[in-house]
Amino acid sequence: MPISDAGTASRVPFAIPSLPSRQASKATQLALNDNKQLMEIEFPTAGLDSVPGDGEGGIEMTGSIQLIREFCDILISPEKATRTRIFFPEANEVEFARKAAFEGAPFKLDYLTKPSFFEDFGFTEKVKMTDRVKPKDELFLAAYPYFNVSEMLVVEELYREAVLNTSRKLIIFNGELDRIRSGYYPSFFYPKLAALLKTLFPSMETVYYIHNFKGRNGGTLFRCYPGPWKVFRKVRNRYICLHQQEAMPSLKEVALEILPSA
């Protein structure tokens, strides 16, 4: 893929914000204004220059909880807070979230999966999403549904049974969906997860996204709705735009084609 010419890529330095939850909230509001129903937000929680895995799992989870609280406080008006349901992966994380960042908050906190006696073998008890949803719910937020492969399948169920063909909206916050996009989970062993690429992902709008690439040809893939996808390289604490396009490029394209040829 060739690097965009001067008409599409800017060499003007750009600063990625130090408070991404604020910019993500603004991008989400624009998407809601355009009646987008299924949205993705993804950015590093261990620091804006980090990549997935740089932070220990528990630390990243705690960071995501705090960022979600900041995001919701900016995006959601007080009168709509009680109609917003935030789904954490498990019930124990709901209790932790209440103590860590959501103490006294009016948002409804819930969970996607329920651990079972056989959890160590990869089994969790089924949580029927239609039983979790209440009639007055208007907005759902799925918090980092990636620790267990069943979590994203439950999110798909939530979208299919409680959002699709309604006026409700669903936001997936730091779900590490690139694992599914890149084939991290082989389709032979995870056919239901791979099927999401054809069933769920085509309906999804990525409204805010930051993914860093390390190494000699390092850089950043960035998107803020409704703008295009952009590839940046960091130069003296500023980001220079190397390439932009309307559709999301794959991480492989950015790492092997766009960044090396800049």
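Computed over heavy atoms, backbone and side chain alike; hydrogens, waters and symmetry mates excluded.
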Just verifying a value: how many Å separate [X] [atom1] and [Y] [atom2], rounded to the nearest 0.5 Å?
X: L164; Y: E156; atom1: CG; atom2: CD; result: 9.5 Å
X: F222; Y: K230; atom1: CZ; atom2: NZ; result: 7.5 Å
X: I172; Y: L200; atom1: CD1; atom2: CG; result: 5.5 Å
X: K108; Y: K136; atom1: NZ; atom2: NZ; result: 9.5 Å
X: K169; Y: T84; atom1: NZ; atom2: OG1; result: 12.0 Å
X: T130; Y: R160; atom1: OG1; atom2: CZ; result: 10.5 Å

Applying side-chain contact (heavy atoms from CB on, under 4.5 Å), run through L177 and L196 and close with a yes or a no. CA-CA 10 Å; L177 302 185; L196 298 182; over 6 Å; no
Any side-chain heavy-atom pair of [X] and [Y] under 4.5 Å:
X: L193; Y: L153; answer: yes
X: R85; Y: F87; answer: yes
X: Y184; Y: D178; answer: no
X: L75; Y: I171; answer: yes
X: K36; Y: V207; answer: no
X: L139; Y: R83; answer: no

Spell out, yes or no, whether M129 and V149 are grouped together once hydrophobic residues are joined by side-chain heavy atoms under 4.5 Å, including indirect joins. yes
Do L256 and F213 land in one hydrophobic cluster if side-chain heavy atoms of ILVMFWY residues count as linked below 4.5 Å? no
Is there a donor-acceptor pair closer than 3.5 Å between any side-chain N or O of [X] and the backbone N or O of [Y]?
X: T220; Y: N212; value: no
X: E151; Y: L112; value: no
X: R233; Y: G218; value: yes
X: E176; Y: F147; value: no
X: T113; Y: P89; value: yes

Closest contact, heavy atoms only, [X] versus [Y]:
X: S203; Y: Y159; value: CB-OH, 3.7 Å
X: D110; Y: R132; value: OD1-NH2, 2.6 Å
X: Y144; Y: S64; value: CD2-CB, 3.7 Å
X: P228; Y: Q245; value: CB-O, 3.4 Å

Salt bridge check, E42 against R223: does any charged N sit closer than 4.0 Å to a carboxylate O?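 Answer for the salt bridge query: no.
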Centroid-to-centroid, F173 to F43, below 6.0 Å? yes
Does NZ or CZ of R179 fall inside the cone over Y185's six-membered ring, less than 6.0 Å from its centre and within 45° of the axis? no
Tell me every residue that passes ring pair (Phe, Tyr, Trp, His ring centres under 6.0 Å) with Y225, counting only those two or more places apart in sequence or in another chain. none
Using salt bridge (charged side-chain N to carboxylate O under 4.0 Å, His left out) as the criterion, list what pairs up with D73, not counting sequence neighbours.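 Per chain and number, D73 pairs via salt bridge (charged side-chain N to carboxylate O under 4.0 Å, His left out) with R69.
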Kindly write out the residues that satisfy salt bridge (charged side-chain N to carboxylate O under 4.0 Å, His left out) with E93, not counting sequence neighbours, or none if the list is empty.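 E93: no salt bridge (charged side-chain N to carboxylate O under 4.0 Å, His left out) contacts found.
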For Y208 and Q23, which I'm curious about, is there any donor-acceptor pair between the side chains at under 3.5 Å?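 Side chains of Y208 and Q23: pair found under 3.5 Å.
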